[in-house]
Amino acid sequence: MRFRFMPMWALPVLLLSGCSSFEITSEPSAEVYEEGERVASTPYRFKLMSGARNLTLRRYGYVEEDLVVSSLAPKHMHVAMQWVGRTRIDTLPRGAKVLDAETKDELGTAPCSLFLVRPRRVLVKLDGFEPVERDLVPNESHVFELKSLSGYQSAFYRRITFQSAQGPVAIFDRVAGEQIGTTPATLTLEAGSALEYRLEGFRPQQVLVSRTAPHRIDIVLEQLSKVTIDGPAGANVYRAGGLERIGELPYSVEVEGDALFEIKKEGFKDRSVAVSPGSPRTLRVELEPIPYKTIVTDPPGAEVYRLGGLEKLGEAPFTTVVEAERVFEIKKKGFKPSIIGMGPGSPKQIDIPLTPLPRDDPDAAAIGTLDSPVVDTF
């Protein structure tokens, strides 16, 4: 019998013939771990002959992703990484302890939030109720409805159905500051729980749950009054203090109580506006223009002084605020000085023609002094 031996160079070809090529990509890029050891980063290309590989994608600030790669898996796998957000936990009734199911370390008291990079099994315990174990999925909200133990006196808890004909009223736990339901809703609440009902366009209502609270509550809220502040187009509306811009005129606001706003527009004086539930539905605001006046000389470049000629204010064209009667001196080398007076009612622009000094005048070579007390009033 003759034997045919396979040449050594053919062995790699035989081995590779059973391999499959895989590629793993992710957005954003991530580190690839296998059995706790880093093996690569995405995009990751590799070959697999047989069996399976258990891989984990990790990136700081993102939820870990577990992948099982076998010959039956897709040859290209793309993973959209999720950022780590709040994993919310609530219980009915509230106040249950949330523990790590394995270590029994306390993680919080419901309602609470955790920041999880991978699923985690928790144990939820509350006196008088059956404990519950469950796996938490990162970035999701989990509600545990607890069952009372047989023989437990649940007089301190009320199971209440909330409804409202005014719309989907949001029910908040005032202590935790979190929403626990939206009408229609059935909740198991501890006596003494502080709630707040909220619905846009209506005044929020705060209530306490008593031991004798009815098992059905119809929520009726008081509608808010709406006030529209109107005035010059383009004027901006700020909260009291003038730091936070919240809108532009016309601006509508739902009034729960007294509120103060500031109205601002370039070229006008700021104005404060108070609104209250008793305010008219439309509140008209008039802004007072800032009395800017501009002195223009011919020729330009004349110097503008306060009366007395000692304090120089600027050069023409010169703009200033005139809220009362003011007097200025206008001087320019080679021209006769003049005095002008203006007030809030003066034109916005005041044109001053300058009179040249005769060339043989000794003051023609310098800024002269006034030889006349005559004041031109505008």
Modelled atom types, side-chain donor and acceptor of [X] and [Y], under 3.5 Å:
{"X": "Glu31", "Y": "Tyr33", "value": "no"}
{"X": "Asp66", "Y": "Thr56", "value": "yes"}
{"X": "Thr161", "Y": "Arg216", "value": "no"}
{"X": "Thr320", "Y": "Arg326", "value": "yes"}
{"X": "Gln223", "Y": "Arg203", "value": "no"}

Ignoring hydrogens and angles, tell me if any N or O in the side chain of [X] forms a donor-acceptor pair with the backbone of [Y] under 3.5 Å.
{"X": "Thr42", "Y": "Ala30", "result": "yes"}
{"X": "Thr91", "Y": "Pro93", "result": "yes"}
{"X": "Thr183", "Y": "Gly167", "result": "yes"}
{"X": "Asn139", "Y": "Trp83", "result": "yes"}
{"X": "Lys265", "Y": "Ala233", "result": "yes"}
{"X": "Glu222", "Y": "Phe202", "result": "no"}
{"X": "Glu196", "Y": "Asp173", "result": "no"}

Does the pair [X]/[Y] count as a salt bridge with the N-to-O cut at 4.0 Å?
{"X": "Glu27", "Y": "Arg59", "answer": "no"}
{"X": "Arg58", "Y": "Glu64", "answer": "yes"}
{"X": "Asp135", "Y": "Arg120", "answer": "no"}
{"X": "Lys104", "Y": "Asp100", "answer": "no"}
{"X": "Lys75", "Y": "Glu23", "answer": "no"}
{"X": "Glu130", "Y": "Lys147", "answer": "no"}

Assigning hydrophobic clusters by single linkage (Ile, Leu, Val, Met, Phe, Trp, Tyr; side-chain heavy-atom cutoff under 4.5 Å), is [X] placed with [Y]?
{"X": "Val255", "Y": "Leu199", "answer": "no"}
{"X": "Ile246", "Y": "Val273", "answer": "yes"}
{"X": "Val39", "Y": "Leu67", "answer": "yes"}
{"X": "Val79", "Y": "Val117", "answer": "no"}
{"X": "Val322", "Y": "Ile330", "answer": "yes"}

Contact summary for [X] and [Y], nearest pair of heavy atoms:
{"X": "Glu178", "Y": "Ser113", "result": "OE2-OG, 4.1 Å"}
{"X": "Glu262", "Y": "Ser272", "result": "CG-OG, 3.9 Å"}
{"X": "Leu354", "Y": "Pro356", "result": "O-CD, 3.6 Å"}
{"X": "Pro299", "Y": "Thr297", "result": "O-OG1, 2.8 Å"}
{"X": "Lys293", "Y": "Pro347", "result": "CD-O, 3.3 Å"}
{"X": "Ser70", "Y": "Ala52", "result": "CB-CB, 4.0 Å"}

Whether His142 and Phe144 hold their rings parallel, tilted or perpendicular, with breakpoints at 30° and 60°: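 Ring orientation, 0 to 90° scale: tilted.
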
Give the intermediate values and the outcome of side chain to side chain contact (heavy atoms under 4.5 Å, CB included) for residues Val253 and Phe261. CA-CA 11 Å; Val253 60; Phe261 303 94; 4.1 Å; yes

How long is the gap from [atom1] on [X] to [atom2] on [Y], to the nearest 0.5 Å?
{"X": "Gln349", "Y": "Thr319", "atom1": "CD", "atom2": "OG1", "answer": "8.5 Å"}
{"X": "Arg271", "Y": "Glu286", "atom1": "CZ", "atom2": "CD", "answer": "7.5 Å"}
{"X": "Cys112", "Y": "Arg94", "atom1": "SG", "atom2": "CZ", "answer": "10.0 Å"}
{"X": "Glu106", "Y": "Leu123", "atom1": "CD", "atom2": "CG", "answer": "11.0 Å"}
{"X": "Lys312", "Y": "Lys331", "atom1": "NZ", "atom2": "NZ", "answer": "11.0 Å"}
{"X": "Ser26", "Y": "Met77", "atom1": "OG", "atom2": "CE", "answer": "12.0 Å"}

Kindly indicate whether the side chain of [X], heavy atoms from C-beta on, has any atom under 4.5 Å from the side chain of [Y].
{"X": "Ile160", "Y": "Val209", "result": "yes"}
{"X": "Val137", "Y": "Thr87", "result": "no"}
{"X": "Tyr197", "Y": "Val207", "result": "yes"}
{"X": "Val32", "Y": "Leu57", "result": "yes"}
{"X": "Phe46", "Y": "Arg53", "result": "yes"}
{"X": "Val69", "Y": "Leu55", "result": "yes"}
{"X": "Thr182", "Y": "Val169", "result": "no"}
{"X": "Ile350", "Y": "Thr294", "result": "no"}

Tell me whether the guanidinium CZ or amine NZ of [X] lies under 6.0 angstrom from the six-membered ring centre of [Y] and within 45° of its axis.
{"X": "Lys264", "Y": "Tyr238", "result": "yes"}
{"X": "Arg306", "Y": "Phe328", "result": "no"}
{"X": "Arg198", "Y": "Phe172", "result": "yes"}

Decide if the gap between the ring center of Tyr60 and the ring center of Tyr62 is smaller than 6.0 angstrom. no

Please walk me through it: do Ser252 and Lys226 pass side chain to side chain donor-acceptor pair (under 3.5 Å)? CA-CA 7 Å; Ser252 296; Lys226 195 169 189 177; 5.2 Å; no

Might you confirm whether atom [atom1] of [X] has over 12 heavy atoms from other residues, nucleotides or ligands at distances under 6.0 Å?
{"X": "Glu35", "atom1": "CD", "value": "no"}
{"X": "Arg86", "atom1": "CZ", "value": "no"}
{"X": "Arg174", "atom1": "CZ", "value": "yes"}

List the steps, then state whether side chain to side chain contact (heavy atoms under 4.5 Å, CB included) holds for Ile263 with Leu249. CA-CA 9 Å; Ile263 313 299; Leu249 295 186; 3.8 Å; yes

Using side-chain contact (heavy atoms from CB on, under 4.5 Å) as the criterion, point out the one residue from Leu283, Leu260, Asp258, Thr228 that pairs with Val275.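 Testing each of Leu283, Leu260, Asp258, Thr228 against Val275, the sole residue satisfying side-chain contact (heavy atoms from CB on, under 4.5 Å) is Leu283.
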
Quick one: do Val285 and Ile229 satisfy side chain to side chain contact (heavy atoms under 4.5 Å, CB included)? Show the steps, please. CA-CA 7 Å; Val285 176; Ile229 305 173; 3.7 Å; yes

Evaluation steps, side chain to side chain contact (heavy atoms under 4.5 Å, CB included), between Val132 and Leu146: CA-CA 8 Å; Val132 177; Leu146 306 180; 3.9 Å; yes

